[in-house]
Amino acid sequence: MKPIGVLASGRGSNLQALIDAAAANALGGRIAVVVSNVESAPALDRARRAGIPAVFRDHRGRKREEFDQELVGILRGQGVELVCLAGYLRILSPGFIQAFPGRILNVHPSLLPAFPGLEAQRQAWEHGVKVSGATVHLVDQGLDSGPIVMQETVPVLDADTPETLARRILEAEHRIYPRAVRLLLEGRLRIEGRRVLVEAW
Ligand code: GRF
């Protein structure tokens with residue numbers, strides 16, 4: 001089973017979706033370590049409950065590149081082959097991204113490239129789009145800008161608030177994130193420029 005490292009700063013519901021998929025043998029890998037920059041992050045409790053090593057590192061007062069290299073060391077120490085960002089609220093340094101080329105995934109609560117950045121669900125609601133959704137993408141140096149692996153659409157209803165929309169988008173995130181992880185770990189993704197293609201089996 002290929003080792004996965006998860007970085008999370010908060011609630012950790014996407015981490016939970018990955019944990020549950022792994023338990024159901026549907027992830028194509030095992031979560032070897034969860035790292036958080038927030039000591040009180042519920043994500044760390046979710047990891048501990050699942051028997052996964054949970055590591056806290058405080059980024060405050062540290063230089064980004066130096067802090068990130070410590071994380072690289074922790075992940076490499078567990079033999080991590082894929083890094084999954086799951087609500088990790090920090091920009092990764094170039095050194096971190098280069099340490100795992102093509103091997104960092106993120107989940108984002110909009111149909112990228114629309115509404116990158118924070119509060120994407122509220123951005124979409126305020127803009128008045130009729131369809132939004134969730135995206136899993138490879139991480140590059142930009143903000144939510146890497147090649148798109150998988151998306152699921154979610155309708156925006158007249159009765160929606162940013163909160164109800166966010167809840168439905170989150171359900172889509174939980175469906176597509178484990179599937180994207182599995183495709184990558186099974187070696188089924190082929191990248192042509194910005195396009196990520198899925199090899200048929
Ligand atoms: C999710 O909406 C994810 O798309 C975004 O941050 C949120 C994390 O939620 N990147 P959780 O911590 O996985 O519950």
Side-chain angles (χ1 to χ4, degrees), residues 4-23 26-27 29 31 33-50 52 54-57 59 68 71 82-92 96-97 100 103-127 129 131-156 160-182 184:
I4 300 164
V6 179
L7 304 187
S9 301
R11 173 177 64 180
S13 71
N14 278 289
L15 165 65
Q16 191 65 52
L18 298 178
I19 291 172
D20 294 346
L27 195 61
I31 303 173
V33 63
V34 174
V35 184
S36 182
N37 62 319
V38 177
E39 192 166 21
S40 60
L44 287 174
D45 294 323
R46 292 181 191 268
R48 288 187 201 106
R49 274 202 298 279
I52 299 165
V55 179
F56 160 65
R57 286 290 183 276
H59 65 275
D68 278 7
L71 298 197
L82 170 66
V83 179
C84 291
L85 308 184
Y88 185 61
L89 295 177
R90 281 176 61 76
I91 303 283
L92 294 172
F96 187 100
I97 292 167
F100 297 98
R103 296 258 142 190
I104 309 173
L105 285 176
N106 183 41
V107 63
H108 182 79
S110 75
L111 292 179
L112 289 170
F115 312 119
L118 292 174
E119 295 205 65
Q121 309 94 325
R122 177 174 290 276
Q123 290 185 52
W125 183 86
E126 283 176 355
H127 194 92
V129 294
V131 179
S132 190
T135 302
V136 177
H137 64 94
L138 289 161
V139 173
D140 65 10
Q141 309 280 352
L143 176 66
D144 300 323
S145 60
I148 291 167
V149 176
M150 198 175 284
Q151 294 185 304
E152 184 177 322
T153 57
V154 173
V156 183
D160 266 330
T161 62
E163 291 74 28
T164 59
L165 176 61
R167 273 202 289 281
R168 285 205 313 289
I169 291 176
L170 193 61
E171 290 169 13
E173 294 179 41
H174 297 166
R175 278 190 291 273
I176 64 173
Y177 208 2
R179 284 165 43 204
V181 167
R182 182 176 192 163
L184 190 149

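Order of appearance sets the numbers: ligands from 1, and atoms from 1 within every ligand.
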- Item | Nearest-0.5 Å distance that lies between atom CD in Glu152 and atom CZ in Arg179 | 7.0 Å
- The answer for which part of His108 has a heavy atom under 4.0 Å from ligand 1 is backbone
- Look up atom CD1 in Ile31 and atom SG in Cys84, then write down how far apart they are to the nearest 0.5 Å. 7.5 Å
- Query: Nearest protein heavy atom to atom 8 (C) of ligand 1, by residue and atom, and its distance?
  - Reply: Gly87 CA, 3.6 Å
- Message: Checking a contact table here: which protein heavy atom is nearest atom 11 (P) of ligand 1, and how many Å away?
- Response: Ser13 N, 3.4 Å
- Message: Check contact between Pro109 and ligand 1, using heavy atoms of the residue and a distance below 4.0 angstrom.
- Response: yes
- Message: If I compare all heavy atoms of Tyr88 with all of Ala8, which pair ends up nearest, and what's the gap?
- Response: CD1-N, 3.9 Å
- Message: Could you identify the single nearest non-hydrogen protein atom to atom 12 (O) of ligand 1 and state the distance to 0.1 Å?
- Response: Gly12 N, 2.7 Å
- Item | For atom 13 (O) of ligand 1, the protein heavy atom that lies nearest, with its residue and separation | Asn14 N, 2.8 Å
- Query: Looking only at protein heavy atoms, which one is nearest to atom 4 (O) of ligand 1, and how far off is it?
  - Reply: Glu173 OE1, 2.6 Å
- In Å and rounded to the nearest 0.5 Å, what is the CD to CZ distance from Gln121 to Arg167? 11.5 Å
- Query: Which residue, Arg46, Glu173, His174, Glu171, forms the side-chain hydrogen bond (donor to acceptor under 3.5 Å, both in side chains) with Ser13?
  - Reply: His174
- Tell me, do Val181 and Val136 make a side-chain contact under 4.5 Å, heavy atoms counted? no
- For atom 9 (O) of ligand 1, what is the nearest protein heavy atom, given as residue, atom name and distance? Arg11 NH2, 3.1 Å
- Query: With respect to His137, which candidate in Leu85, Leu105, Leu112, Val149 satisfies the side-chain contact (heavy atoms from CB on, under 4.5 Å) definition?
  - Reply: Leu112
- Message: Could you identify the single nearest non-hydrogen protein atom to atom 10 (N) of ligand 1 and state the distance to 0.1 Å?
- Response: Val107 O, 3.0 Å
